[in-house]
Amino acid sequence: MQQEQLLEMTGTVESVIFRNDKNGYAVIELNNGEDLVTVVGTMPFVGVGEQLHAVGTWVSSSSYGTQFKAQAVERRQPSDSGAMLKYLSSGAVKGIGPAMARKIVDAFGENTAHVLENEPERIAEIKGITRRKALQIAEEFHRVGGIRETMLRLSGYGITPEEAVRVWKAFGAQAEDMVKEDPYCLCEEDLQIDFSRADRIAASLERPQDDRCRLRAGIVYVLRHNEGNGHTCLPADKLTAAAAKMLGVPHEAADESLQELKDDASLVSRVFREREFLFTPRLYRSEVYIAGRIRMMLRYPAQSVDGVEGYISTIEAEESIEYASLQKDAIRGALTRGMLILTGGPGTGKTTTLNAIIRILEFKGEKVLLTAPTGRAAKRMSELTGREAKTIHRLLKVKWDENDRPEFEKNEKDLLDCDTLIIDELSMVDTPLFEAVLRALPLGCRLVMVGDCDQLPSVGPGNVLGDLIASDLVPVVQLREVFRQSMKSLIVANAHRIVAGQNPDLAVHTSDFFFLPYRTSEEIGSVIVDLCSRRLPKSYGYSPLSDIQVLTPARRGELGSVELNRRLQQAVNPPGPEKGEMTVGGTLFREGDKVMQVKNDYNLAWTRDDGTCGEGVFNGDLGVLEQIDRRASVFSVRMDDRVVLYEKETAQELELAYAMTVHKSQGSEFPAAVIPMYPGARPLYYRNLLYTAVTRAKSLLILVGREDTVKQMVANDRKTKRYTGLSDLLTEKGDGNEEGS
């Protein structure tokens, strides 16, 4: 694909249409000497009268017309008194309005910038301006000018304008000096600059490999990187070994730097079961809070409901059902003990049990709130219970700080209004999110947690469900009996065989489970494409976009999600003269494609069909690409009843979704699932992953491939090992004061 040619433009800012001082994004009108041009891009604190030299490209859309999209901007101070008057009158310098700007420029004319920068006390010569006010004005003028200088100088280190804004906000006018003194300061969490980039900057400054700052930052980087793998902590020996290897330094040097990090509390050290573990302070505080709050809730439980046995008998009579013994135990536990974990595989009656708990609580006049970690899981919870369920983020009224981190309006100062909170799919809830839920719970609130302990754990750090169960402190009811009507489903029967370590029955062909034997990856891929594009739509009326989902263990390889998506796109949504296309980040997108959001983006705006608007699209959200505006580089994606607009930069957060990894499918259920079975990397081919994949299918499951691969996955009982501290913190002796930390 031909690269877009970059153009240059120089002019004076005539007006500022929009400016976001949080991230520096602005929309301005630039007078280039011939026309007024709309320029968009990162231009922090831009003001009228400034001279800009912009490098970028022309874009056009039906909504905004033709604009110049700046990729880089060099800024210069206003060149004459008229331009300086416009600049100071625009509000770019806090404390100077139009009237004061006129006084200053009238007094100093072409010399105004020099006075503001070098002789600020002279501003006090103007009637009505005190010396103190003059110095405040000059300080603000320097501050705004410092942003320009910082951005220009940091660009020499390969730091983008957006990153430079974050660096300047963190370090102010000393930003460049800070980077020179310690390039690894860029690795601080809020700056979002990777260790490898800081390492390259350090190398350009000829910093030694065993530099103290490098070793400290490398150790913290390894720990934070492993948070992305689900760990809230790491054993000290593993942390130093991994850091020493990555940094290319002796083990002793890493040990010495780790001791420094512990001594100054940059990392937290705890010993569990005679082994030392290291935490970042943020995740340590999260796990300590959770442990303390859970212990307090167990000590002071919600009020017990009287007459439970009578309510159970009444529901059984009205519904003509008979609850199993463990279901009754779960109902009793939730209503009398104040806290319960309800777990079990498919077909064991979790939903029936949950509905009984809700019905009794509502009859008793309790206010019950239902929540789940993802939009798809919350929607399914609503369908199964007949009551509204919200995502945890929506329930807690999420908002986002200037670093795009979630902050919740519902917390200790503004508690949830409920008597009982029920959380579904708890296995998907990570440690920071569970902490946020507990902080918003009223004292005496009942907590019912539902999940399948055999599912894959959360994408984020922690193993909340597993740790709560392992602690043996929280009441747990695990439903084991598969009901007769559910056993008619071979999906359910085989799922239970898999989790028990038994091979699924592949010989029986029923209406909902099929195994199609093929040996080569090419055969398997071709059959999957044919199933999705022709056979299943023809035989069952299934839509490849809304009903059929291909699930695969890996992203890469001939049967990974990337390659399968390419083949499925060609078959399901082939090119046509009426379909717009665009390549983003190496992926070809086409109008009509099934797509998925692959990271949380709290700034993405959406509009519902009823006209309501909002922000926030989350990792795993599925949609259909409805329209591509090539001239404006804008995608329009429908996600259920919402339409989301993506610019080309944010479109890199999208992937084709005809096929997805099993990990990405967590919390979802699809009418039909198709899964390739072909040998791959052992760490990705294990029992719990196969179980999770099989249980994603609601009505039809098709395994395509090799029987020996199925058997190998069942035999590989590798649990997803996660290093966490929650279980140990729950069971250690303490006075309970951690709850308020």
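Position 1 is the first residue of the sequence; numbering continues from there.
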Next item on the list: List the steps, then state whether side chain to side chain contact (heavy atoms under 4.5 Å, CB included) holds for Leu416 with Leu396.
Entry: CA-CA 8 Å; Leu416 291 168; Leu396 300 182; 4.2 Å; yes
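- Using a distance-only test at 3.5 Å, with no hydrogens or angles considered, a donor-acceptor pair links the side chain of Gln327 to the main chain of Gly349.
- Taking CZ of Phe277 as the reference point, atom OG1 of Thr232 lies at 9.5 Å (rounded to 0.5 Å).
- The minimum heavy-atom distance between Asn411 and Lys413, with the atom names listed, is OD1-N, 2.8 Å.
- Leu326 and Val477 make their closest contact through O-CG1, 3.4 Å (heavy atoms, listed as atom of the first residue, atom of the second, distance).
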Notebook entry, point to check: Hey, mind stepping through Leu426 and Phe434 against side chain to side chain contact (heavy atoms under 4.5 Å, CB included) and telling me if it holds?
Noted result: CA-CA 9 Å; Leu426 188 68; Phe434 192 60; 4.1 Å; yes
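- Annotation: the span from Leu443 atom CG to Arg293 atom CZ amounts to 5.5 Å, rounded to 0.5 Å.
- Between the side chains of Asp255 and Gln259, no donor N or O sits under 3.5 Å from an acceptor N or O.
- Asp177 contributes no side-chain N or O that, together with a main-chain N or O of Gln174, makes up a donor-acceptor pair within less than 3.5 Å.
- Residue Leu395 is tested with Ile423, Val437, Leu369 for a side chain to side chain contact (heavy atoms under 4.5 Å, CB included); the sole match is Leu369.
- Annotation: side chain of Val167 is in contact with side chain of Ile193 (closest heavy-atom distance under 4.5 Å).
- In the displayed structure, Gln303 atom CD is contacted under 6.0 Å by at most 12 heavy atoms of other residues, nucleotides or ligands.
- Checking side-chain atoms of Arg722 against main-chain N and O of Gly462 turns up a donor-acceptor pair under 3.5 Å.
- The shortest heavy-atom contact between Ala330 and Thr353 is CB-CG2, 3.7 Å.
- In plain terms, the two heavy atoms of Arg555 and Thr661 that are nearest each other are CG-CG2, 3.6 Å.
- Phe171 places a side-chain heavy atom less than 4.5 Å from the side chain of Cys185.
- Within the 4.5 Å cutoff, side-chain heavy atoms of Glu260 are placed close to those of Arg212.
- One N or O on the side chain of Gln209 and one on the backbone of Leu247 form a donor-acceptor pair closer than 3.5 Å.
- For the residue pair Asp467 / Thr724, a side-chain donor-acceptor distance below 3.5 Å is found, with atom types taken as modelled.
- Only one option out of Lys238, Lys262, Arg270 pairs with Glu276 in a salt bridge (Lys or Arg N to Asp or Glu O under 4.0 Å); it is Lys262.
- With a 4.5 Å cut-off on side-chain heavy atoms, Ser458 and Val464 do not count as touching.
- Look at Asp237 and Arg275 and you find a salt bridge, because one of the NZ, NE, NH1 or NH2 atoms lies within 4.0 Å of a carboxylate O, short of that distance.
- Under a 3.5 Å cut-off, the side chain of Arg446 and the backbone N or O of Ala334 do form a donor-acceptor pair.
- For the pair Arg332 and Asp329, the salt-bridge criterion is met [side-chain N within less than 4.0 Å of a carboxylate O].
- The shortest side-chain heavy-atom distance between Asn688 and Asp717 falls under the 4.5 Å cut-off.
- Contact detail for Cys445 and Cys418: the closest heavy-atom pair is SG-SG, 3.8 Å.
- Applying the side chain to side chain contact (heavy atoms under 4.5 Å, CB included) test between Leu215 and each of Leu258, Val220, Val249 identifies Val249 as the sole match.
- The CG atom of Leu468 sits 8.0 Å away from the CE atom of Met339 when rounded to the nearest 0.5 Å.
- More than 12 heavy atoms of other shown residues, nucleotides or ligands fall within 6.0 angstrom of atom CD in Gln502.
- Atoms OG1 and CZ, on Thr431 and Arg285 in that order, are 14.0 Å from each other to the nearest 0.5 Å.
- Note that the CD atom of Glu256 and the OG1 atom of Thr240 stand 13.0 Å from one another [nearest 0.5 Å].
- Atom OG1 of Thr348 is separated from atom CD of Gln478 by 8.5 Å, given to the nearest 0.5 angstrom.
- Within the 3.5 Å criterion, the main-chain N or O of His225 finds no donor-acceptor partner in the side chain of His231.
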Next item on the list: Could you give me the CA-CA distance, side-chain angles and deciding distance for Val710 and Asn503, then say whether side chain to side chain contact (heavy atoms under 4.5 Å, CB included) is met?
Entry: CA-CA 8 Å; Val710 177; Asn503 290 322; 5.7 Å; no
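- Salt-bridge formation is detected for the pair Glu425/Arg380: a Lys NZ or Arg NE/NH1/NH2 atom is positioned less than 4.0 Å from an Asp or Glu carboxylate oxygen.
- Distance alone, capped at 3.5 Å, places no donor-acceptor pair between the Ser286 side chain and the Pro432 backbone.
- In this structure, the side chain of Thr552 engages the main chain of Leu559 through a donor-acceptor pair within 3.5 Å.
- By the 4.5 Å heavy-atom criterion applied to side chains, Asp728 and Arg273 are counted as neighbours.
- By the 30° and 60° cut-offs, the orientation of the rings of Phe272 relative to Phe279 is perpendicular.
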Next item on the list: Give the C-alpha distance, both sets of side-chain angles, the deciding distance and a yes or no for side-chain hydrogen bond (donor to acceptor under 3.5 Å, both in side chains) between Gln455 and Thr692.
Entry: CA-CA 5 Å; Gln455 299 278 6; Thr692 300; 3.1 Å; yes
Check: Under the side chain to side chain contact (heavy atoms under 4.5 Å, CB included) criterion, do Lys399 and Glu409 qualify, and how do the steps go?
Finding: CA-CA 7 Å; Lys399 56 183 180 179; Glu409 292 183 13; 4.1 Å; yes
Check: Can Glu227 and Thr280 be said to form a side-chain hydrogen bond (donor to acceptor under 3.5 Å, both in side chains), step by step?
Finding: CA-CA 9 Å; Glu227 289 177 7; Thr280 58; 2.9 Å; yes
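- Side-chain contact between Leu689 and Pro553: present, with at least one pair of heavy atoms (C-beta onward) separated by less than 4.5 Å.
- When all heavy atoms are compared, the tightest approach of Val562 to Arg556 is CG2-NH1, 3.5 Å.
- A heavy-atom distance below 4.5 Å is not found between the side chains of Leu370 and Asp424.
- For Arg216 and Tyr184, the positive end is not near the middle of the six-membered ring at less than 6.0 Å and at most 45° from its axis.
- At most 12 non-hydrogen atoms from other residues, nucleotides or ligands lie less than 6.0 angstrom from NZ of Lys397.
- Enclosure of atom CD in Glu181 is not indicated, since only 12 or fewer non-hydrogen atoms of other residues, nucleotides or ligands lie within 6.0 angstrom.
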